Amino acid sequence: MDFTNTIGVSADGMRAQAERLRVSAENLANKDTTGSTPGADPYRRKTITFQTTLDQATGASSVKVKSIGQDHTPFETRYDPSHPAADTKGYVKVPNVNTMVEIMDTHDAQHSYEANLNTMQITRSMLTRTINLMK
């Protein structure tokens with residue numbers, strides 16, 4: 001694998017982790033978004049799935065976002081008969097977003113992003129040194 005492949009693989013990893021951060025941020029931003037009509041569903045947590053891709057020409061494997069889906073765990077309810085989304089019994093469905101899960105996911109994505117960035121910086125430094133030796 002040459003230096004350009006290494007930089008490309010790191011860039012793909014950074015793009016994937018940036019998308020993961022975006023999905024977690026969207027989940028956190030909508031953690032209190034309920035429906036607006038009686039019995040309506042609230043915001044449903046989004047999930048992200050990655051896949052490994054192989055560049056046939058270079059043999060380099062990297063990661064890409066496969067899909068952004070939805071978490072189908074059931075919604076919890078809270079008693080609030082004055083809420084516009086309350087059902088006939090006074091219960092409101094609340095989003096299936098767990099703040100701690102999202103925070104842990106953002107930390108994990110941040111560490112992965114930083115690892116890819118460090119790999120890219122080291123590769124760039126090695127490439128620069130090699131070019132300087134050839135002068």
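As the structure is a prediction and not an experimental result, all values here were calculated from the model.
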*Run the side chain to side chain contact (heavy atoms under 4.5 Å, CB included) check on Val65 and Thr49 step by step: do they pass?*
CA-CA 6 Å; Val65 173; Thr49 306; over 6 Å; no
What's the shortest heavy-atom distance between [X] and [Y], and which atoms?
{"X": "Thr47", "Y": "Gln70", "value": "OG1-N, 3.8 Å"}
{"X": "Ala60", "Y": "Asn5", "value": "CB-CB, 4.5 Å"}
{"X": "Ser36", "Y": "Pro84", "value": "O-CB, 3.7 Å"}
{"X": "Ser24", "Y": "Thr106", "value": "CB-CG2, 3.3 Å"}
{"X": "Gly35", "Y": "Ala85", "value": "O-CB, 3.1 Å"}

Is any side-chain heavy atom of [Y] closer than 4.5 Å to one of [X]?
{"X": "Tyr113", "Y": "Met14", "result": "yes"}
{"X": "Asn96", "Y": "Glu76", "result": "no"}
{"X": "Val63", "Y": "Thr52", "result": "no"}
{"X": "Pro42", "Y": "Thr33", "result": "no"}
{"X": "Asp12", "Y": "Lys64", "result": "yes"}
{"X": "Thr99", "Y": "Leu28", "result": "yes"}

Can you name the side-chain hydrogen bond (donor to acceptor under 3.5 Å, both in side chains) partners of [X], sequence neighbours left out?
{"X": "Gln51", "result": "none"}
{"X": "Thr77", "result": "none"}
{"X": "Tyr43", "result": "Asn27"}

*Taking Glu19 as the fixed residue, which of Arg22, Arg15, Gln17 is the one that meets the side chain to side chain donor-acceptor pair (under 3.5 Å) rule?*
Arg22
*Quick one: which residue pairs count as a salt bridge (charged side-chain N to carboxylate O under 4.0 Å, His left out) with a foot in residues 111-124, not counting sequence neighbours?*
none
*salt bridge (charged side-chain N to carboxylate O under 4.0 Å, His left out) partners of residues 33-49, not counting sequence neighbours, each pair once*: Glu26-Lys46, Asp41-Lys93, Arg45-Asp71, Arg45-Glu102
Nearest 0.5 Å please: distance from the [atom1] atom of [X] over to the [atom2] atom of [Y].
{"X": "Leu117", "Y": "Ser112", "atom1": "CG", "atom2": "OG", "result": "12.5 Å"}
{"X": "Thr128", "Y": "Leu133", "atom1": "OG1", "atom2": "CG", "result": "11.0 Å"}
{"X": "Ile68", "Y": "Lys66", "atom1": "CD1", "atom2": "NZ", "result": "13.5 Å"}

*Going by atom types only, do Thr6 and Thr123 share a side-chain donor-acceptor pair under 3.5 Å?*
no
_Test item: side-chain donor near acceptor, Asn132 and Thr130, under 3.5 Å_ = no
_Check: Ser67 side chain, Gly69 main-chain N or O, donor-acceptor pair, under 3.5 Å_ = no
*With distance as the sole test, does Asp87 use its side chain to make a donor-acceptor pair with the main-chain N or O of Tyr91 at under 3.5 Å?*
yes
*Linking I/L/V/M/F/W/Y whenever their side-chain heavy atoms sit closer than 4.5 Å, directly or via other members, would Ile7 and Leu54 fall into one cluster?*
no
_If hydrophobic clusters are built by linking Ile, Leu, Val, Met, Phe, Trp and Tyr wherever their side-chain heavy atoms come under 4.5 Å apart, do Ile131 and Met126 end up in the same one?_
yes
*asked:* Suppose we screen for salt bridge (Lys or Arg N to Asp or Glu O under 4.0 Å). Which residues come up paired with Asp105, at least two apart in sequence or across chains?
replied: Arg20
*List the steps, then state whether side-chain hydrogen bond (donor to acceptor under 3.5 Å, both in side chains) holds for Asp55 with Thr53.*
CA-CA 7 Å; Asp55 183 337; Thr53 60; over 6 Å; no
